[in-house]
Amino acid sequence: MESPHGAAVSAEDFGLEGPRGRVFRNVTFSAEPGELVAIEGPSGSGRTCLLLALTGRMRTTEGRAETGGLRLPEQAAAVRRIAALGPVPGVSELDPAFTVAEHLGERALLQGRYGSPLRALLRPRAERRAAAEARVDEALEAAGLDPATLPKSGRTSVRDLERLEALRLSVALALIGRPRLLAVDDTDLKLSDAERVQAWALLRSVADAGTTVLAVCSEAPEDTRVVRTVPADGEADAEEPATAPADDGADVREPATEKPAAEEPTTEEETADAFAEARRA
């Protein structure tokens with residue numbers, strides 16, 4: 001897989017205060033392109049809001065940050081074009097009623113229709129098929145997911161996937177767009193110790209291939225750069241940046257969904273056709 005150039009990420013006194021109080025504050029750190037960064041903290045400590053802010057999906061009120069050389073929050077729209085979300089509850093979740101093939105087909109269709117330059121849309125149909133197939137295959141390989149090994153292959157419903165398989169699918173969907181930054185929420189949620197090792201190995205392999213990775217977790221591996229968040233009444237580690245939220249920040253969240261809301265809907269027939277194109281030479 002051709003490695004995209006990762007996006008450097010930096011923040012200085014980065015913070016967000018909403019109508020109901022502080023969500024996070026005083027976040028200061030920097031990460032090189034292609035680095036894996038863990039945003040560690042307990043649930044409700046502002047870690048997801050920080051993840052969304054660094055990917056241009058939440059407007060902040062304090063300090064400054066840059067992702068891929070783009071200033072936040074001023075250039076948030078541009079940041080969204082280079083940063084992809086893996087699983088984030090309420091923002092980029094898998095549809096449990098969809099099959100693996102339908103999810104891949106829909107994402108390939110959206111990428112080909114809205115995420116490609118105009119000249120790509122003017123190429124012959126056979127070339128577009130080959131390009132879509134290459135993107136899907138590369139993303140699946142990078143995520144370590146082989147649909148053929150699933151109970152019903154590509155026809156396996158998301159509701160029937162194991163937690164680690166669902167994580168791999170979400171990562172694959174994000175990588176179809178070849179982003180410079182990948183953001184993943186709840187990396188270690190509901191995973192066994194062995195599965196956590198596999199999940200972190202997956203994210204590290206994505207980073208090693210050149211894509212910067214931000215991963216929210218409750219406990220980060222020892223060899224990972226960590227940005228810690230703490231509850232409002234907690235004490236921060238003096239050697240780590242910290243956040244101090246007053247609530248979950250629901251009033252100020254301005255997420256941008258991964259599907260263009262204003263575009264025409266994707267029909268089931270179009271989804272199936274797109275996936276067929278993506279899987280056929």
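Quick note: residue numbers are just sequence positions, from 1. What you see is a predicted model, and the numbers here were worked out from it, not measured in a lab.
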| request: Indicate the atoms forming the closest heavy-atom contact of Ala139 with Ala172, along with that distance. | output: CB-O, 3.3 Å
| task | Give the C-alpha distance, both sets of side-chain angles, the deciding distance and a yes or no for side-chain contact (heavy atoms from CB on, under 4.5 Å) between Val27 and Leu50. | result | CA-CA 9 Å; Val27 175; Leu50 176 59; 4.2 Å; yes
| request: Evaluate the side-chain hydrogen bond (donor to acceptor under 3.5 Å, both in side chains) criterion for residues Thr224 and Arg204: first the C-alpha distance (whole Å), next the side-chain angles of each, then the deciding distance (0.1 Å), finally the verdict. | output: CA-CA 9 Å; Thr224 304; Arg204 189 169 298 284; 3.0 Å; yes
| request: Kindly indicate, with the supporting measurements, whether the criterion ring-ring contact (aromatic ring centres under 6.0 Å, His included) is fulfilled by Phe14 and Phe24. | output: CA-CA 8 Å; Phe14 201 42; Phe24 61 83; 5.8 Å; yes
| field | Reported CD-to-CD distance for the pair Glu141 and Glu138, which is rounded to 0.5 angstrom | value | 8.0 Å
| Does Val91 reach the side chain of Thr48, with side-chain heavy atoms less than 4.5 Å apart? | no
| query | Can you pull the salt bridge (charged side-chain N to carboxylate O under 4.0 Å, His left out) pairs that have at least one residue in residues 181-201, sequence neighbours excluded? | reply | Arg47-Asp186, Asp193-Arg196
| message | Distance check, rounded to the nearest 0.5 Å: Arg80 atom CZ versus Leu70 atom CG? | response | 11.5 Å
| field | Test: Arg59 and Glu74 ion pair at under 4.0 Å | value | no
| said: side-chain contact (heavy atoms from CB on, under 4.5 Å) for Arg22 and Leu16? Distances and angles first, verdict last. | reply: CA-CA 6 Å; Arg22 286 190 180 277; Leu16 169 61; over 6 Å; no
| task | Count the heavy atoms belonging to other residues, nucleotides or ligands that lie under 6.0 Å from CD of Glu219, then report whether that count exceeds 12. | result | no
| Between Leu173 and Leu94, is a side-chain contact (heavy atoms from CB on, under 4.5 Å) present by the stated rule, with each step listed? | CA-CA 10 Å; Leu173 293 173; Leu94 297 174; 3.6 Å; yes
| message | Would the distance check show the side chain of Thr212 and the main-chain N or O of Gly34 forming a donor-acceptor pair, the cut-off being under 3.5 Å? | response | yes
| query | At their closest point, which heavy atom of Ala76 faces which heavy atom of Gly56, and how far apart are they? | reply | CB-O, 3.6 Å
| Thr99 side chain reached by Thr156 side chain, heavy atoms, under 4.5 Å | no
| query | By side chain to side chain donor-acceptor pair (under 3.5 Å), which residues pair with Glu66, not counting sequence neighbours? | reply | none
| What's the spacing between Glu62 CD and Asn26 CG if we round to 0.5 Å? | 7.5 Å
| If you look at every heavy atom in Ala65 and Leu54, which pair is closest and at what distance? | CB-CD2, 4.2 Å
| field | Residue pair Leu150 / Ser153, side-chain heavy-atom distance below 4.5 Å | value | no
| Step-by-step side-chain contact (heavy atoms from CB on, under 4.5 Å) determination, Leu85 to Leu182 | CA-CA 6 Å; Leu85 296 182; Leu182 170 67; over 6 Å; no
| remark: Note: Pro87 and Leu167 closest approach over all heavy atoms is CG-CD1, 3.8 Å
| request: Locate the shortest heavy-atom distance separating Leu52 from Thr55; write the atom from each residue and the value. | output: O-OG1, 3.1 Å
| said: What I want to find out is whether Arg225 reaches Glu35 closely enough, with some N-O distance under 4.0 Å, to be called a salt bridge. | reply: yes
| request: Check whether any side-chain heavy atom of Asp146 sits under 4.5 Å from a side-chain heavy atom of Leu140, and report yes or no. | output: no
| task | Any chance you could measure Thr67, atom OG1, to Gln75, atom CD, to the nearest 0.5 Å? | result | 10.5 Å
| query | Are Val158 and His103 side-chain neighbours, meaning at least one heavy-atom pair lies under 4.5 Å? | reply | yes
| query | Can you find a heavy atom in the side chain of Glu17 that is under 4.5 Å from one in the side chain of Arg25? | reply | no
| field | From CD1 (Ile82) to OG1 (Thr211), nearest 0.5 Å | value | 11.0 Å
| Under a single-linkage definition using a 4.5 Å side-chain heavy-atom cutoff for Ile, Leu, Val, Met, Phe, Trp and Tyr, are Val184 and Leu189 assigned to the same hydrophobic cluster? | no
| When you measure from the side chain of Ser170 to the backbone N and O of Gly86, does any donor-acceptor pair fall under 3.5 Å? | no
| remark: Rounded to the nearest 0.5 Å, the CD atom of Glu162 sits from the CG atom of Leu191 at a distance of 10.5 Å
| request: Work out which heavy atom in Leu51 is nearest to a heavy atom in Val88; give both atom names and the distance. | output: CD2-CG2, 4.2 Å
